[in-house]
Amino acid sequence: MGYPHPSHPRETPVLSKYFGDAEARTLAGWRARGGYEALEKALGMDPVDVQNVVKDSGLRGRGGAGFPTGLKWSFMKPDGKQHYILCNADESEPGTFKDREIMRWTPHGLVEGVALAAHAIYADTAYIYIRGEFTEPYERVTAAVREATAAGILGDNAMGTGRKLVVHVHKGAGAYICGEETALMNSLEGKRGNPRIKPPFPAVAGLWAKPTTINNVETLTAAPYIVKNGADWYKAFGRPDNPKSTGTKLFSVCGNIARPGNYEVAMGFPFKDFLWELCGGPLPGRAIKACIPGGSSVPILTAEECETAIMDYEGFVAAGTMLGSGGVIVFDDQQCMVRQIARLARFYAHESCAQCSQCREGTAWTTKILERIRDGEGVAQDLDTLLAIADGMTGKTICVLSDSCATPVVSGLKKFRHEFEAKIRPDRARVTMQGIPVLPPLGVTALKPVAA
Amino acid sequence: MSHGPSAAGGALVRAPEHAHAHEPYEPVFVGAMKQQLDETVAKYPAKMAALLPALWMVQESRGWVSDEAMAEVAEQLELTPAYVKGVVTFYTMYHQHPVGRHFIQVCTTTPCNVCGAEDVVKAFLEETGCGELGVTSSDGKFTVIEVECLGACGFATPVQINLDVHESVTPERVPRILAALP
């Protein structure tokens with residue numbers, strides 16, 4: 001539902017059905033709403049069968065990457081090794097606040113999903129890593145784990161099946177990069193949150209070098225509904241002509257919009273209806289200018305592009321962007337895109353772990369140039385320099401934070417170039433100390449071969 | 001311009017001018033706290049994993065994480081003080097200096113920025129008397145910082161004061177919020 005607003009008739013509330021319902025937070029309340037029935041059912045199934053139901057449902061990772069969840073689970077074999085399930089609750093992608101509401105309102109839903117996944121991947125221990133700023137979600141989830149453990153749902157004899165399922169809650173300490181799955185593992189292990197080089201992938205060597213499955217909060221919370229209602233029920237949500245995106249998705253909407261909040265819709269929902277009908281469109285007297293539909297790391301859409309985009313993994317790719325985490329940031333006609341893209345770049349510069357030079361230097365350099373353009377001190381060649389830096393930051397680092405900084409710069413320059421140019425001082429060119437004009441950066445002007 | 005959390009961890013909050021480390025150090029991990037740490041260590045297959053929780057325990061009981069506390073944590077978890085400092089400086093939420101009794105974090109990342117978060121920051125700086133970001137007010141009551149995305153973008157502007165998040169804060173609401181603080 002469009003929490004904090006009442007549910008819109010065109011929404012499909014599954015995960016968000018009990019947002020705002022304080023009773024659903026307690027074990028008794030959750031059980032009264034059918035909670036833990038799916039876990040009980042799953043514990044009576046062979047782990048491979050649980051994996052297959054989730055595989056058949058078409059559920060894909062809701063954290064941003066969209067990797068098929070069942071396939072990820074199927075990498076875990078009964079090899080006798082210690083396995084771990086790690087829940088990524090380090091939600092910090094600007095524009096995204098869906099996991100926060102899941103943990104605040106239905107913490108038992110998450111705990112059930114985590115326990116179910118642990119069973120499916122032959123793990124007996126799970127960790128839920130919650131970002132440090134999420135004080136209330138941390139309290140709620142911790143209380144839910146405590147209640148479920150006291151009731152025998154978790155523990156050495158989970159639901160009387162003899163199966164050991166232990167869930168621990170871990171609190172982060174402020175670092176966006178820890179949402180990257182390998183940084184998340186390093187952070188949990190008590191290290192600086194630097195991403196690891198892949199391979200080895202977590203399914204081979206994850207937490208403490210043991211096979212590990214990492215899933216987002218929304219993904220894990222969806223799993224019990226799939227096990228309970230069946231893969232076909234879940235697959236029915238979505239466009240009939242696109243079997244690659246199934247189920248419902250929570251979209252967090254923020255920025256310059258009439259009714260910001262969390263909305264849950266079936267995959268394949270028209271983005272135009274979503275923005276203008278469900279979310280109420282722009283504020284009175286204003287017009288929507290641009291929108292970032294999947295968290296700050298995906299390409300920006302213009303208002304016209306928003307009108308034709310379809311809300312699923314493939315639909316957003318066709319529109320030239322990505323579904324990402326489902327964090328929709330809306331900009332209206334009163335916003336200066338240079339200013340806002342500069343602010344995004346500053347975010348990435350602040351959050352770079354500084355491991356790779358392309359990212360450490362690139363995010364800082366990009367921010368400096370964008371802020372000087374914002375302040376009216378930019379020169380024409382700055383725009384080419386920005387694109388050259390962006391090129392040097394894309395696909396060249398251990399993780400994608402660097403790419404994420406380049407993305408809004410490149411798409412912003414492509415779609416709102418006039419706003420940048422309007423701020424450039426045509427009377428100026430950057431010169432060296434000796435007054436010699438600075439050459440464009442490498443890669444911008446290809447060197448022509450010398451004629452023979 | 002900071003270069004990542006490593007530099008920002010300490011730089012967000014300025015060191016107060018008066019000296020603060022001349023009193024003898026009282027260990028944190030004694031009695032119930034030691035027991036709590038042992039219980040935390042038992043959750044993980046390696047002692048090192050209890051580092052972030054241990055640092056939280058220090059900050060909750062002392063208000064900040066001093067060099068002496070880092071050395072104590074290092075000893076408890078069989079790490080070196082330098083290693084612990086390396087971790088402390090990576091994360092933005094550990095204070096390496098004392099901060100005001102009310103630590104105010106205002107989100108100014110893009111989604112909040114387009115909703116006027118910078119005016120909220122200004123209002124807090126004026127009303128608390130801090131004047132500048134990262135500076136503690138002379139009465140020791142307040143420290144105001146800008147924070148990167150609090151993850152409550154639909155409730156712009158969210159402001160976190162110690163453990164409590166205030167949603168949809170506007171400059172007009174700031175005096176009332178401050179007056180209600182203990």
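Chain letters run A, B, ... following the sequence lines, proteins first and then strands; every chain starts at 1.
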Audit row: A:R192, B:T89, side-chain contact (heavy atoms from CB on, under 4.5 Å) steps and yes/no: CA-CA 9 Å; A:R192 293 168 69 93; B:T89 52; 3.6 Å; yes
Intermediate values then yes/no, side-chain contact (heavy atoms from CB on, under 4.5 Å), B:L52 and A:S187: CA-CA 8 Å; B:L52 264 58; A:S187 182; 3.6 Å; yes
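Residue B:E167 places its CD atom among more than 12 non-hydrogen atoms of other residues, nucleotides or ligands, all under 6.0 Å distant.
The aromatic rings of B:Y44 and A:H168 sit tilted relative to each other, their planes meeting at an angle between 30° and 60°.
Neither the backbone nor the side chain of A:Y138 has a heavy atom closer than 4.5 Å to any heavy atom of chain B. Looking at A:S296, there are no atoms closer than 4.5 Å to chain B (heavy atoms on both sides), in backbone or side chain. Looking at B:Q160, the atoms closer than 4.5 Å to chain A (heavy atoms on both sides) all sit in the side chain, from C-beta outward. Contacts of A:V169 with chain B are made by backbone atoms alone, with heavy-atom separations under 4.5 Å and no side-chain atom involved. Heavy atoms closer than 4.5 Å to chain B are found nowhere in A:C359, neither backbone nor side chain. For B:T40, no part lies near chain A; criterion is any non-hydrogen pair under 4.5 Å. For chain B, the nearby part of A:I329 is the side chain; its heavy atoms alone come within less than 4.5 Å. Interface residue A:F347: backbone and side-chain heavy atoms are both found under 4.5 Å from chain B. Residue contact with chain B, scored on non-hydrogen atoms closer than 4.5 Å, is absent for A:E371. Interface remark: B:V165 contributes side-chain atoms only to the contact with chain A (heavy atom separation under 4.5 Å).
Contact detail for B:P45 and A:Y127: the closest heavy-atom pair is CD-OH, 3.7 Å. The minimum heavy-atom distance linking B:V114 with A:V330 is given by the pair CG2-O, 4.2 Å. Shown here for A:R131 and B:C149, the closest heavy-atom pair between the two residues is NH2-O, 2.7 Å. Considering all non-hydrogen atoms of both residues, A:A173 and B:Y91 come closest at O-CB, 3.3 Å. Nearest heavy-atom pair, B:L51 versus A:G190, reported as atom, atom and distance to 0.1 Å: CD2-O, 3.4 Å. Across every non-hydrogen atom of B:F90 and A:G193, the tightest pair is CE2-N, 3.2 Å.
Most heavy-atom pairs under 4.5 Å with chain B: of the set A:R339, A:R343, A:E91, this distinction falls to A:R343. Annotation: maximal heavy-atom pairing with chain A below 4.5 Å, among B:V87, B:L79, B:V147, B:L55, occurs at B:V87.
Under a 3.5 Å cut-off, the side chain of B:N113 and the backbone N or O of A:Q340 do not form any donor-acceptor pair. No donor-acceptor pair closer than 3.5 Å links the side chain of A:R100 to the backbone N or O of B:A152.
Contact annotation: the side chain of B:W56 approaches that of A:K171 to within less than 4.5 Å [non-hydrogen atoms, C-beta and beyond]. Side-chain contact between B:T110 and A:P94: absent, with no pair of heavy atoms (C-beta onward) separated by less than 4.5 Å.
Going from atom CD of A:E189 over to atom CE of B:M48 covers 8.0 Å, rounded to the nearest 0.5 Å. Between A:H350 atom NE2 and B:E146 atom CD the span is 9.5 Å, to the nearest 0.5 Å. With values rounded to the nearest 0.5 angstrom, A:K98 atom NZ is found 12.0 Å from B:C153 atom SG. Taking CG of B:D164 as the start and CD of A:E136 as the end, the distance is 9.5 Å to the nearest 0.5 Å.
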Identify each donor-acceptor pair in which a side-chain atom of residues 30-37 of chain B lies under 3.5 Å from a protein atom, sequence neighbours left out, and give them as a table.
residue : atom : partner : partner atom : Å
B:K34   : NZ   : B:D38   : OD1          : 3.2
B:K34   : NZ   : B:Q76   : OE1          : 2.8
B:Q35   : NE2  : B:E39   : OE2          : 3.4

